[in-house]
Amino acid sequence: MTGNTPLHLGVALDGAGWHPAAWRQADARPKELFSPQYWTDLVTEAEAGLLDLVTIEDALNLQSDEFTEQDARTDRVRGRLDAVLIAARVAPLTRHIGLVPTVIVTHTEPFHISKAIATLDYAATGRAGVRVQVAVRNDTAKHFGRREFPLIDLARINEPDVQQLVADHFDEAADYVQVLRRLWDSWEDDAEIRDVATGRFVDRDKLHYIDFDGRWFSVKGPSITPRPPQGQPLVAALGHADVPYRLIGRAADLGFVTPHDAGQAADLVARIDEQRHAAGRQDEKIHVWADLVVVLDDTEQAARDRLARLNELAGAEYTSDAKIFAGTPAQLANLLVEWQAQGLSGYRLRPAALPHDLHRITRGLVPELQRRGLFRTQYPENGTLRGLLELDRPANRYVRA
Amino acid sequence: MTKQIHLAAHFPGVNNTTVWSDPAAGSHVEFDSFRRFAQIAERGKFDFLFLAEGLRLREQKGQIYDLDVVGRPDTFTVLAALAAVTQRLGLTGTINSTFNEPYEVARQFASLDHLSEGRAAWNVVTSWDQFTGENFRRGGYLAQSDRYERARTFLRTTTELFDSWNGVEILADQDQGRFLSTDRPGTFKHEDRFFDIEGQFNVPRSPQGRPVIFQAGDSEEGREFAASGADAIFSRYATRKEGKAFYDDVKGRLPKYGRSREDLLILPAASFVLGDTDAEAEELAHQVRRAQVSPQTAINFIEQLWNTDLSGFDVDGPLPSFDPVVEGEAIAKGRASVRQLAKDPIALANEWRAKAEAEKLSARELVIEVTGRQTFIGSASSVAETINQFVQEDVSDGFILVPHITPDGLGPFVDTVVPLLQERGVFRTDYEGTTLRDHLGLTYPGGPQA
């Protein structure tokens, strides 16, 4: 099947799956959501399906059905483990798949996260990424309690003052990513010299102060962790509007978007491309992947019935920012191919229920795509996540020619 | 009953303990080094592995210090990855209470405890200096006098977060559709000078309830801080006299906090050099010390006390005849030992000079003497005997061993000394429990409603 461009696939892992009633499905493991075995099983399954990467959701607050505040529901999964630690826990037990935990940039320290993701890249020998996310909930800010934190009023979301608040959050995120990347570059690759003759362990001329000074924070550097195997681990972000698309355009290697049809997919690809150019990244590649919630079964009717049962258990129809697809793996493959023609390079699939829909991805969708010549049949040996995504290892900005 | 020895392994950090010039020395950053180190410790049935932390590269004379190992990975990330390649070994990480926030640290440790099935421990350290603060959002904001106060309230706050779930909230009842037994799990509210926070903690109670709490630090305030709430102390007094004095002092502080002597373990850092005979070990130890203290390292160390540039100084001759500079900023930054040296530099310089003269030591030899970290030198049977004696005499409750070769330097100890301790019945032949609290003989903390 020459002429077909292979597509990229990631899976977004979150709790028992993305449907709020996922934990009640018969094969769910709701008592094990906080156990290492649960996460190991999911990621090794994704790796058995030769996927590019898994993302792991995170937040500095409990899950809530409300966007701006905490609900008091007892019928939903609540509680989660730190995503970077989950990724680190599975890293030594996997060999090929990319590991992309979510980090909240609004309340954490870029210095800490920089070394954590660099270390994940060491533990995973070149397979680390990070998905950056802002936290706008006012109650989340109270968990830290050190900032004035005006509430984002969704009813007035398009008014200038609210838009300014949103823009501030994302500008802070862009600064954060810049600090991550500078810290990763703050050691040249060959800084460790172990020169017995002079007694020097490092060449200090190859270590660099980053001297970042921005509106929200300043960071001196250098990192305490040497430059990671990929040089710079992959940076990903999800966006639903122009402000976050701007963050993707200037700061990310991989953007997740949520089109609901092929036309929207084409539009989102174009808008991110525009932001990429506006940010002066003409020569750089940014992957744009569509997020899809997937409910997969052997027949379309079975998938629809299962979604209906889940909705019934949840007490309401499930809605999502992303399109919810219910059907067979072959039907999903058709959709992926159709949208791919609009310029997407891949997809981040959100399994509605775990492990059920993950298994249908790895054992149904992947073989279907392979039959069509659209997906790898094996991983490259000793590959990195950047390698899987055809992204170059970045040159170090501090190396003098 | 004969006291049982606790043993742990410290992956060496950035001090000049490590002989990185040795051909057997491996990477200090690649995960494989940590994996090998941890697996050797677990083969030896050690209680735990210990990681130190640094948040800014050290400097001297305004330049990055380049003579020791520089660079290390992130503590939490390494420990979580090690949980995958070990089964019983405790995982202890140093995390600073100044440049972190309680909510985040609490969820990282609670997550580590879940992901290791009950093997997490936190060594709470304090720091305050602007130098380190330059790497963080809020910069250098903490007065030195406030650091233990912040550490105490930080620890109190994280304990409230750990305790905010009592362990029975998660029903996960699929038939009834009840995931939680309560609609406001993890509720907390804390207000003091340093933290004014409230909300809901988002990690359910972990296998150990809370991680085991270690404290390192030696000041009067540090000792009180440890006596008031730590489970174990990482100390630097591993010699008979100093160790015993420290042990008696700290254990003596426990009753006023309503605690007994078993509630707080004292575990000094200790190095070792093994040989087939005691004489052979002595000879090897001498070589190791010379590798650890190169001429340049010696000059840099003397500069730290004299607080002035001594480039070109002849370390094979006597110590400087002039007195240390007591005015101005410290010449070395990001190094804890500088505070020790700065207490009374002129008196200390005189003491060093007197020692050098009496023992006919060159400046470098003097540095080798005064920075001597080799605690146990000898054949395996001598070392086993000494360690056992020290523990039985209450010099400590055990030791945290720091090998000078990374990552495999612990192997000879595990293969030769550990079996001798086991023969004497003073060290376990297998793990009896699964959690770090089990290994350390510590009780499980009750939750708020337990």
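Below, chain A is the first sequence line, B the second, and so on; all start at residue 1. In this text the structure is predicted, and so the values were computed from the model without any measurement. In what follows, every heavy atom counts, from backbone to side chain, and hydrogens, waters and symmetry copies are set aside.
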### Message
Check whether A:Thr225 reaches the backbone of B:Arg72 with its side chain - one donor and one acceptor, N or O, closer than 3.5 Å.
### Response
yes
### Query
Salt-bridged, B:Arg107 to A:Asp58, with N to O below 4.0 Å?
yes
### Task
Look at the rings of A:Phe201 and B:Trp20 and say which category their plane angle falls in: under 30° parallel, 30 to 60° tilted, over 60° perpendicular.
perpendicular
### Polar side-chain atom of B:Asn135 near backbone of A:Gly221 as donor-acceptor pair, under 3.5 Å
yes
### Message
Within this structure, what is the CD-CZ distance for the pair A:Glu109 and B:Phe136, rounded to the nearest 0.5 Å?
### Response
6.0 Å
### Message
Just so I know, are the side chains of B:Arg137 and A:His107 near enough to count as touching, which here means a heavy-atom distance under 4.5 Å?
### Response
no
### Task
Heavy atoms only: give me the nearest B:Asp173-A:Trp23 pair and the separation to one decimal.
O-CH2, 3.3 Å
### Query
Between A:His143 and B:Tyr103, what is the ring plane arrangement, given parallel below 30°, perpendicular above 60°, and tilted in between?
parallel
### B:Glu191 versus chain A, the contacting section by heavy-atom distance below 4.5 Å
neither
### Donor-acceptor pair, side chain of B:Asn202 and main chain of A:Asn61, under 3.5 angstrom
yes
#### Entry: Contact class of B:Asp175 relative to chain A, heavy atoms under 4.5 angstrom
backbone
### Query
Are any side-chain N or O atoms of A:Arg89 and backbone N or O atoms of B:Ala80, one a donor and one an acceptor, separated by less than 3.5 Å?
no
### Task
Can you see which heavy atom on A:Ala123 is nearest to which on B:Ala81, and at what distance?
CB-CB, 4.1 Å
### Query
Taking only residues two or more places apart in sequence or in another chain, which ones pass side chain to side chain contact (heavy atoms under 4.5 Å, CB included) with B:Pro102?
B:Phe154, B:Thr157, B:Thr158, B:Leu161, B:Phe195
### Query
Is it the case that B:Gln174 and A:Arg24 place a side-chain donor and acceptor less than 3.5 Å from each other?
no
### Message
At a 4.5 Å cut-off on heavy atoms, which part of A:Ile224 comes close to chain B: side chain, backbone, both, or neither?
### Response
both
### Query
Judged by atom type as modelled, is there a donor-acceptor pair below 3.5 Å linking the side chain of A:Arg200 to the main-chain atoms of B:Asp66?
no
### With B:Arg184 via salt bridge (charged side-chain N to carboxylate O under 4.0 Å, His left out) - residues at least two apart
none
### Task
Decide yes or no for B:Leu55 and A:Lys115: does some side-chain heavy atom of the first lie under 4.5 Å from some side-chain heavy atom of the second?
yes
### Query
Around atom CD of A:Glu312, are there more than 12 heavy atoms of other residues, nucleotides or ligands at under 6.0 Å?
no
### Query
Heavy-atom distance under 4.5 Å to chain B: side chain of A:Phe212, backbone, both or neither?
neither
### Task
Indicate yes or no for a side-chain donor-acceptor contact from B:Ser111 to the backbone of A:Asp82 under 3.5 Å, with no hydrogens or angles considered.
yes
### Query
Taking C-beta and beyond as the side chain, do B:Glu104 and A:Phe144 meet within less than 4.5 Å on heavy atoms?
yes
### Message
If I measure from the heavy atoms of chain A, does B:His190 come under 4.5 Å with its side chain, its backbone, both, or neither?
### Response
neither
#### Entry: Side chain / backbone / both / neither for B:Val69 at chain A, heavy atoms under 4.5 Å
both
### Task
Go through the atoms of B:Thr182 and report whether side chain, backbone, both or neither lie under 4.5 Å from a heavy atom of chain A.
backbone
### Query
Between A:Lys220 (side chain) and B:Arg56 (backbone), is there a donor-acceptor pair under 3.5 Å?
no
### Message
With a 4.5 angstrom heavy-atom cut-off, is it the side chain or the backbone of B:Ser21 that approaches chain A, or both, or neither?
### Response
both
### Query
Would you say the ring centroid of A:His112 lies under 6.0 angstrom from that of B:Phe99?
no
### Task
Give, as side chain, backbone, both or neither, the part of B:Glu169 having an atom under 4.5 angstrom from any heavy atom of chain A.
neither
### Task
Taking all non-hydrogen atoms of both residues into account, name the closest pair between A:Pro222 and B:Ile64 and its distance.
CG-CD1, 3.8 Å
